[in-house]
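Since the structure comes first, as structure tokens, the remarks are kept for the end.
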Amino acid sequence: MRALALFSGGLDSMLAIKLITLQGLEVTALYMDNGFGATSEHFKILRHRAASVGADFEVIDMQERYLQDVLFNPKFGYGKWFNPCIDCHGYMFKTALNLLDKFSANFVISGEVLGQRPMSQRREAMNSVARLSGDEENLILRPLCAKLLSPTKPENMGWVDRELLLDISGRSRDKQLELVKKFDIKEYASPAGGCLLTLEHFSNKIKDMLNYGEKLETSDISFLRYGRHLRLKDGTKMIVGRDEKENEILRSLKNTKFENIDISPNIGAYSLISKNSSYQDKLLASKIAITYAKTDPNLTYDVFIGSEKFQISPFEDKALISKYLIR
């Protein structure tokens, strides 16, 4: 008998898996990669966490379909920012249910706790998620709060002993932390949203793209994660790295929508600008780029965008740039 687990890498999903593996069942932890959670650099950590509670680990790439099917037209709307939580959960469960045969599994579990999150983990929301997922056979089990919910097929069929499941509810983490000690779990993520779509500054970057008629594609998501994002006078998008680490990441990303802003000599932040920008926006972007570099406001610098060269001085005060920042 095998279960598929929706696995975020957080404590609740680890505990849900542990409760099932303790009953002698096999579990495959599925990380649903919609592009707005962990990056590939963190997958090794997630694999280790899944293994520590007895589960295999798989990454399911759903980025393209998520943008098309969920993000921009959620049936149940958004949360505080740009987060379509109910539709997102429903879509992830639907994806997992469709993978049961592939992994020779029998049902799906998650680490959800009744009442923990105001949008997606209310009883009414959980029922909506079940309908969105197409769970006609009642195969979705939530081990941490199962005793507060109606029995599912895995319980009714005796695949899982309901008496060994839990009745956790609300936002307190006390019971979860007791289980950490009981199960001797050494490493886990601190409680957090985890999803970039729940963050105001990230959501505002997406809204800005939509306001300017720009289509969000999977290749854009990585760019949205890093750097200062600015919208210039004629509608040009500009990105400026905040530190050397972000500079290196931005250099490594591939996107046909941008071109580099090169400063001579090569100093300061790494900057990008939308292709086919107006001359005035290129001039402004050049001035912004050297302002974020190690430059002297009293000197003139050579800045190159494509084949064009600009000789320009920095702003005397970075505060003059603030009106262009997307916050």
Side-chain angles (χ1 to χ4, degrees), residues 5-13 29-47 49-50 57-96 99 110-112 116-121 125 128-129 132-133 189-212 214-229 237 239 242 245-246 249-250 252-255 257-258 326-327:
L6 296 188
F7 185 65
S8 66
L11 178 57
D12 289 343
S13 56
L30 303 181
Y31 180 77
M32 299 291 184
D33 183 14
N34 65 2
F36 301 101
T39 60
S40 57
E41 291 81 6
H42 294 95
F43 290 166
K44 184 177 180 180
I45 296 173
L46 298 183
R47 185 181 300 277
R49 289 178 185 164
F57 177 76
E58 296 285 343
V59 177
I60 307 301
D61 185 353
M62 52 186 283
Q63 294 186 45
E64 190 70 44
R65 292 179 59 193
Y66 184 83
L67 292 183
Q68 295 174 1
D69 299 343
V70 181
L71 186 59
F72 296 117
N73 191 31
K75 180 177 179 181
F76 289 90
Y78 299 104
K80 187 174 182 181
W81 304 117
F82 211 80
N83 48 313
C85 291
I86 294 177
D87 291 78
C88 182
H89 279 81
Y91 193 76
M92 289 183 178
F93 275 119
K94 181 178 181 178
T95 301
L99 290 171
S110 83
E112 293 168 290
Q116 187 178 89
R117 297 187 183 276
M119 184 174 182
S120 61
Q121 293 181 22
S128 297
V129 165
L132 286 171
S133 71
S190 299
C195 177
L196 292 171
L197 296 172
T198 64
L199 304 178
E200 180 182 9
H201 68 88
F202 189 87
S203 296
N204 286 342
K205 294 175 187 177
I206 296 179
K207 292 176 182 177
D208 171 78
M209 290 185 67
L210 299 181
N211 288 339
Y212 281 85
E214 297 172 359
K215 181 181 178 181
L216 179 65
E217 300 173 334
T218 56
S219 57
D220 296 313
I221 297 173
S222 293
F223 281 88
L224 291 173
R225 289 176 177 268
Y226 304 107
R228 305 174 184 88
H229 286 238
K237 179 70 171 290
I239 305 174
R242 291 188 179 90
K245 181 179 179 181
E246 282 199 343
I249 292 172
L250 288 169
S252 70
L253 297 176
K254 306 297 182 185
N255 191 309
K257 296 180 180 179
F258 295 98
I326 303 167
R327 303 176 193 269

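Note that CZ of R49 is 8.5 Å distant from OG of S8, once rounded to the nearest 0.5 Å. In this structure, the separation between CD1 on I60 and OG1 on T95 is 8.5 Å, given to the nearest 0.5 Å. Atom-to-atom distance recorded for Y78:OH and D87:CG is 9.0 Å, nearest 0.5 angstrom. One finds the OH atom of Y226 at 7.5 Å from the CG atom of L253 (value rounded to the nearest 0.5 Å). Taking CG of N83 as the reference point, atom OG of S203 lies at 6.5 Å (rounded to 0.5 Å). To the nearest 0.5 angstrom, I206 atom CD1 is 11.5 Å from I326 atom CD1.
Using a 4.5 Å heavy-atom threshold, the side chains of L224 and M209 count as touching. F258 places a side-chain heavy atom less than 4.5 Å from the side chain of K237. Between P84 and Y66, the closest side-chain pair of non-hydrogen atoms falls below 4.5 Å. N34 has its side chain within reach of M92: a pair of non-hydrogen atoms, C-beta onward, lies under 4.5 Å apart. Residues F36 and L199 are not in side-chain contact: their nearest non-hydrogen atoms beyond the backbone lie 4.5 Å or more apart.
A search for salt bridge (Lys or Arg N to Asp or Glu O under 4.0 Å) contacts involving K257 returns E217, D220, not counting sequence neighbours. Residues satisfying the salt bridge (Lys or Arg N to Asp or Glu O under 4.0 Å) criterion with D33, sequence neighbours excluded, are absent altogether.
F82 and F72 have perpendicular rings, their planes meeting at more than 60° on a 0 to 90° scale where under 30° would count as parallel.
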* Asked: Are L197 and W81 close enough, and set up right, to give a side chain to side chain contact (heavy atoms under 4.5 Å, CB included), and what steps lead you there?
  -> CA-CA 7 Å; L197 296 172; W81 304 117; over 6 Å; no
* **Worked verdict on Y91 versus M32 for side chain to side chain contact (heavy atoms under 4.5 Å, CB included)** => CA-CA 10 Å; Y91 193 76; M32 299 291 184; over 6 Å; no
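Across all their heavy atoms, L46 and A38 have their closest contact at CD1-CB, 4.2 Å. Contact detail for E112 and S110: the closest heavy-atom pair is OE1-OG, 2.7 Å.
At least one donor-acceptor pair closer than 3.5 Å links the side chain of H229 to the backbone N or O of F223. Remark: side-chain polar atoms of S252 are paired, donor with acceptor, to backbone N or O of I249 under 3.5 angstrom. Counting only distance, with no hydrogens or angles, the side chain of N211 and the backbone of K207 share a donor-acceptor pair below 3.5 Å.
Here the options are H201, R225, K205, the test is side-chain contact (heavy atoms from CB on, under 4.5 Å), and the partner is L196; only R225 passes.
Annotation for K75: atom NZ does not count as buried by contact number, only 12 or fewer foreign heavy atoms lying within 6.0 Å.
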